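Here's the structure we're looking at; comments come further down.
Since the structure is predicted, the reported quantities are computational estimates derived from the model, not experimental observations. Letters go in sequence order (proteins before strands), and every chain restarts at 1.
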There are 2 protein chains.
Amino acid sequence: MAQLKGACVIAQSGGPTAVINASFYGAAKAALASECITNVYGAAHGIKGVLGDVLYDIGQEDEQELEYLKYTPSSDLGSCRYKMADPDQDSTDYQRILEIFKKYDVRYFFYNGGNDSMDTCDKISRFMAKSGYECRVMGIPKTIDNDLFGTDHCPGFASAAKYIATSCMEVSRDARVYDTGSVTVIEIMGRHAGWLAASAALASYCGDGPDLIYLPEVDFDMDEFLAAVEKLYKEKGSAFVAVSEGIHYADGRFVSEAVTSSTDGFGHAQLGGLAVKLADVVKQKLGCKVRGIELSLLQRCASHCASLTDINEAALAGQAAVEAAVSGESGYMVAFECSRENGYECRTKLIPLTSVANFEKKIPLEWIGEDRCSVKQEFIDYLLPLIQGEPPRALENSMPRFAKLKKLRAQ
Amino acid sequence: MAQLKGACVIAQSGGPTAVINASFYGAAKAALASECITNVYGAAHGIKGVLGDVLYDIGQEDEQELEYLKYTPSSDLGSCRYKMADPDQDSTDYQRILEIFKKYDVRYFFYNGGNDSMDTCDKISRFMAKSGYECRVMGIPKTIDNDLFGTDHCPGFASAAKYIATSCMEVSRDARVYDTGSVTVIEIMGRHAGWLAASAALASYCGDGPDLIYLPEVDFDMDEFLAAVEKLYKEKGSAFVAVSEGIHYADGRFVSEAVTSSTDGFGHAQLGGLAVKLADVVKQKLGCKVRGIELSLLQRCASHCASLTDINEAALAGQAAVEAAVSGESGYMVAFECSRENGYECRTKLIPLTSVANFEKKIPLEWIGEDRCSVKQEFIDYLLPLIQGEPPRALENSMPRFAKLKKLRAQ
């Protein structure tokens, strides 16, 4: 495969995570080290930065600040939720991207995101191929939802899971401190896949956690839920329940639907408020003290409780994407292939973007308890290796020291 | 002062904190080491454990498990919110306490709690003196609200403040990740004193934090609030606002009042839901994307983000209470006297329970900005030394390892 010399663009898209900047770091470091890549640019706010010609010259950043990226939450380049049209219907955006790529001699494009971003990435890849402009396009996986097809797990998931499980252990102790009885409902992100809500089971596995866990993989039944809570409350004097924001009735309606009507850029209903709603229902039924807790943004940006394994794998994914592209690959997403037999091992592989785009990987039903409100040991065995290790994050005055990039515009 | 031999009872009361068990640890270790104290008992659920004759024999616990208490959140003995009658009106409870104290030859009583608990402690102290039964009663301070009179600060406050500031730094990065504009409101505990909400300013001091902070020390004006948010939103495209749950209008009504009507054991309105309510008001006014986040229980039980200084001082407070009682003192609460001139120094002192009970210490108005939605450097200088140090907490599989006491009933 002939060497391809030119600049590269790295962009971050979709909801941020605690480790997406580690992927940015991994890709940037590999790109800066590559002889084929002449310039390393970061696009502001995902693909919108390319369309708007707002590219930052990463080559001018201080090495130490790039190191800080590994422990800095959220998408440091900025993110977007921008739906690209089908190029066969409307190629305006794609023509503009081509124009910008030509302007900066961009021959490598790395898009770091989830399902929707891989779809965008796939469309750009196919358009470039069709247009005859040689540009190697690679997807770098990212999502706390852990719902990307074709990979053992997704960078970002484990750190969110670790924060959720740790917080559930702490809340479980706090919520049961009085002898007067109470029911606590904690709401966890995950629209269609319950990977994050299921992570609360790790807290119970460690000795302090939720009694019941409700996932979107199975239909929710309010009467069953109330009966289970009432049983616990009468037996133990307290109940601690973890619910996925995406739990739905058999007819598909989200339990939280009534709470909000606004939608994000992709037309997904924006969920939330479910914990308080369920707590109120319990209060009406049992007349007991209740509390609804929503982990909200905290669960996806808590870098202070991140998994070092997750950080290292996120950096590895970015690095692997660059190395594969430089070696001639294009149109793939980096994925993880893991073995847990003799200790945990994680290797990267490549899967076609087309096969990833817009699929959602859910928890295998056989990992969910017959009671439909618990998970089995198989899930714990899957999750445990992913959350290992405490990051050596930089602190100043015992507070986080986040990366501060100069973000000088590309010339 | 003659030596007083007998058993001691340690009890935990009021809302739990991330470090109240460190005070329990400090008191228990000192009591177990004392030649005067024959038995060390822990009361289940505060004073209710004494009334109900449910005492645990701490002398039978494993040393290592007691060590784990320093990094274990919530009140491991259980807590209560139990209002004692005025002994002159109704001495039933006090007679019962005397009976139990006589049964176990209890000569030392240590009550670890906040304002209401110090009131309980004071009443018990005065009743014992009046009844002629020699029992030394000491209060150990505890409250994330930091509103106890006569002490530089309260054990529990700094760890909550550190978690709040750290989380605000992370959320600030996440909430500003899109270029589409948004307003985020984060709700922080603190009914009448704004110490915790003000701690969010430490995040801004560190480079990423709220733009506006609203405290209960000053009256809240909805129009001023909306104008300030609109100005920021138009200038920067985003606004991040921290509010104390206790903010109120000039006429005294809590802004969150409409949201809930239930009350706790002391007749305080149970607040919450304020962040979502304010976010909705902003959305109606500006029509922008909004998000309301409530830190809820997380902020008072997040031992994974505790301050080592706070943990050590909490243990010191427990130890000092025992040592003072053994040396003959009674009717006092342990307090902190700190100097910040040449480095930070913290010493314990004793203040009469009567002077503490039911007072609430608020943020000095001169530490609050003229704009009434910020705090001055004086507050940062006050807070910074208190949050220093990361606890060497025990981990198993990268998850917290909390104390597991046997809790064998006293004979």
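- Counting all heavy atoms, side chain and backbone alike, B:D76 lies closest to A:R173 at OD1-NH1, 2.8 Å.
- When heavy atoms are compared at a cutoff of 4.5 Å, A:V171 approaches chain B by way of both its backbone and its side chain.
- Of all heavy-atom pairs spanning B:P400 and A:M169, the tightest one is O-CE, 3.4 Å.
- Summarising the geometry, atom OG belonging to B:S167 is positioned 11.0 Å from atom CG belonging to A:L297; distances are rounded to the nearest 0.5 Å.
- With a 4.5 angstrom heavy-atom cutoff, A:I186 does not touch chain B via any of its atoms.
- Among B:D179, B:V276, B:L308, B:I293, the residue with the largest count of heavy-atom pairs under 4.5 Å with chain A is B:D179.
- Across all non-hydrogen atoms, the minimal contact from B:Y178 to A:P16 is OH-CD, 4.1 Å.
- Summarising the geometry of A:L202 relative to B:M399, their closest heavy-atom pair is CD2-SD, 4.0 Å, with the distance given to 0.1 Å.
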**OP:** Take B:L298 and A:L295 through the side-chain contact (heavy atoms from CB on, under 4.5 Å) test and state the conclusion after the steps.
**Re:** CA-CA 9 Å; B:L298 301 162; A:L295 286 180; 3.7 Å; yes
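- Heavy-atom distances place no part of A:T17 under 4.5 Å from chain B, backbone and side chain included.
- When each of B:R176, B:K162, B:E396 is checked for heavy-atom pairs under 4.5 Å with chain A, B:K162 comes out on top.
- B:Q388 places a side-chain N or O within 3.5 Å of a backbone atom of A:N397 that can act as its donor or acceptor partner.
- Of the residues considered (B:K404, B:R401, B:K48), B:K48 shows the highest number of contacts with chain A, using heavy-atom pairs under 4.5 Å.
- In this structure, chain A has a heavy atom under 4.5 Å from the side chain of B:S296, while its backbone stays farther away.
- Using a 4.5 Å cut-off between heavy atoms, A:I387 contacts chain B through both its backbone and its side chain.
- Per-residue heavy-atom pair counts under 4.5 Å with chain A were compared for B:C206, B:A302, B:G46, and the maximum is reached by B:A302.
- Contact of A:T72 with chain B is made through the side chain alone, with heavy-atom distances under 4.5 Å.
- Nearest heavy atom pair, residue A:V177 against residue B:S74, reads CG2-OG, 3.4 Å.
- For B:L77, no part lies near chain A; criterion is any non-hydrogen pair under 4.5 Å.
- Only the side chain of B:T180 has a heavy atom closer than 4.5 Å to any heavy atom of chain A.
- A:S398 and B:E390 share a donor-acceptor pair across their side chains, judged by distance under 3.5 Å alone.
- A donor-acceptor distance shorter than 3.5 angstrom exists from the side chain of A:E170 to the backbone of B:H304, with no hydrogens or angles considered.
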